[in-house]
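Here is the structure we will look at, set down as structure tokens.
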Amino acid sequence: GSSLLTGPEGLMAKERENLKRLKCLRRYRQRYGVEALLHRQLRERRVLATDGAAQQAHTTRSSQRCLAFVDDVRCSNPSLPLTRHCLTHICQDTNQTLFKPCQGSEEVPCNKPVPVSLSEEPCCPLHLRLPPQMYVPEQVLAVPQELGAAPTDLYLSAAELQPTESLPLEFSD
């Protein structure tokens, strides 16, 4: 594109205008002068500030095993993201606020970590207390013996329901 911008000898006016726009677009959003200097200084400060954090993140990523010890043996489970403990031992971390141990019941104590939710006492699915049942099924009314045995003479037989020749057609339905 830059070789075409050197001379207007073989270009038409419309092509020259298009090339001028293309040249302007090449410089679009580039910083000049004081703005360019400040931007470069800001970028250097960010690199210096995040360089230590990047090294620290790299070391935490390389040791992603849980730090908890069970019977003098280190846990081999992977740790949760941005923590040093696995899901089983996350309650040992005093700085975390996302998990609490399940209280369990009087008969069966439980220390399983449970995510803190809107409830005041978070419980694992095993110890979750269900609310009382709101739907109460209706009681089925007992049918008295007298109504249950209806007389059969109240019903018409199929032969009695057939239209007869003596009735007009409107009444036969």
Side-chain angles (χ1 to χ4, degrees), residues 1-5 15 17-150:
S2 62
S3 64
L4 294 175
L5 297 176
E15 290 175 340
E17 185 65 30
N18 287 342
L19 287 176
K20 194 183 291 183
R21 285 184 188 161
L22 179 65
K23 191 174 180 181
C24 290
L25 285 175
R26 285 177 52 195
R27 290 189 310 238
Y28 184 69
R29 289 271 180 118
Q30 286 187 348
R31 295 173 177 88
Y32 294 101
V34 177
E35 185 182 0
L37 178 67
L38 291 174
H39 180 69
R40 191 182 78 228
Q41 289 175 353
L42 175 67
R43 198 174 41 205
E44 289 172 358
R45 273 187 274 149
R46 281 185 180 166
V47 166
L48 289 175
T50 59
D51 192 28
Q55 286 178 354
Q56 183 182 8
H58 177 68
T59 57
T60 56
R61 285 283 170 213
S62 63
S63 61
Q64 286 235 330
R65 284 183 42 212
C66 178
L67 293 181
F69 283 89
V70 179
D71 299 329
D72 294 332
V73 177
R74 187 172 171 186
C75 178
S76 61
N77 294 334
S79 62
L80 294 173
L82 302 175
T83 66
R84 297 180 178 188
H85 295 279
C86 65
L87 183 60
T88 309
H89 302 112
I90 191 67
C91 291
Q92 292 179 5
D93 187 5
T94 56
N95 296 329
Q96 66 87 22
T97 57
L98 296 176
F99 294 92
K100 285 187 178 177
C102 174
Q103 301 301 318
S105 62
E106 293 80 28
E107 303 87 32
V108 183
C110 180
N111 286 327
K112 189 175 187 179
V114 180
V116 174
S117 59
L118 298 177
S119 65
E120 292 143 8
E121 298 176 8
C123 295
C124 64
L126 182 64
H127 295 109
L128 185 65
R129 292 173 197 86
L130 296 176
Q133 186 177 5
M134 296 185 72
Y135 170 73
V136 179
E138 288 186 18
Q139 300 293 332
V140 178
L141 299 174
V143 179
Q145 292 280 343
E146 304 161 359
L147 296 177

### Summary
Closest non-hydrogen atoms of Thr97 and Val116, given as atom of the first, atom of the second and distance, are O-CG2, 3.9 Å

### Task
Taking all heavy atoms of Val114 and all of Pro122, pick out the closest pair and write down the distance.
CG1-CB, 3.9 Å

#### Entry: Student check: side-chain heavy atoms of Thr83 and Phe99 closer than 4.5 Å
no

### Query
Which heavy atom in Leu87 sits nearest to a heavy atom in Ile90, and how many Å separate them?
O-CG2, 3.5 Å

### Query
What distance do Leu80 atom CG and His85 atom NE2 have between them, rounded to the nearest 0.5 Å?
10.0 Å

### Query
At their closest point, which heavy atom of Arg74 faces which heavy atom of Cys66, and how far apart are they?
NE-O, 2.9 Å

### Task
Would you mind reporting whether Cys86 and Cys75 have side-chain heavy atoms less than 4.5 Å apart?
yes

### Task
Count the heavy atoms belonging to other residues, nucleotides or ligands that lie under 6.0 Å from CD of Gln103, then report whether that count exceeds 12.
no

### Task
Supply the atom-to-atom distance Arg40 CZ to Leu38 CG, rounded to the nearest 0.5 angstrom.
10.0 Å

### Query
Quick one: CG on Asn111 to SG on Cys91, what's the gap to the nearest 0.5 Å?
8.0 Å

#### Entry: Close side-chain approach of Asp93 and Arg84, heavy atoms under 4.5 Å
no

### Query
Do the side-chain N and O atoms of Gln30 and Tyr32 include a donor-acceptor pair separated by under 3.5 angstrom?
yes

### Message
Could you tell me if the side chain of Leu48 sits less than 4.5 Å from the side chain of Arg45, heavy atoms only?
### Response
no

### Query
Does some side-chain heavy atom of Lys112 sit less than 4.5 Å from a side-chain heavy atom of Leu126?
no

### Query
Would you say Glu15 and Asn18 make side-chain contact, with heavy atoms under 4.5 Å?
no

### Task
Check whether any side-chain heavy atom of Cys124 sits under 4.5 Å from a side-chain heavy atom of His127, and report yes or no.
yes

### Task
Starting at CD of Gln92, measure out to CG of Leu67 and round the result to the nearest 0.5 Å.
10.0 Å

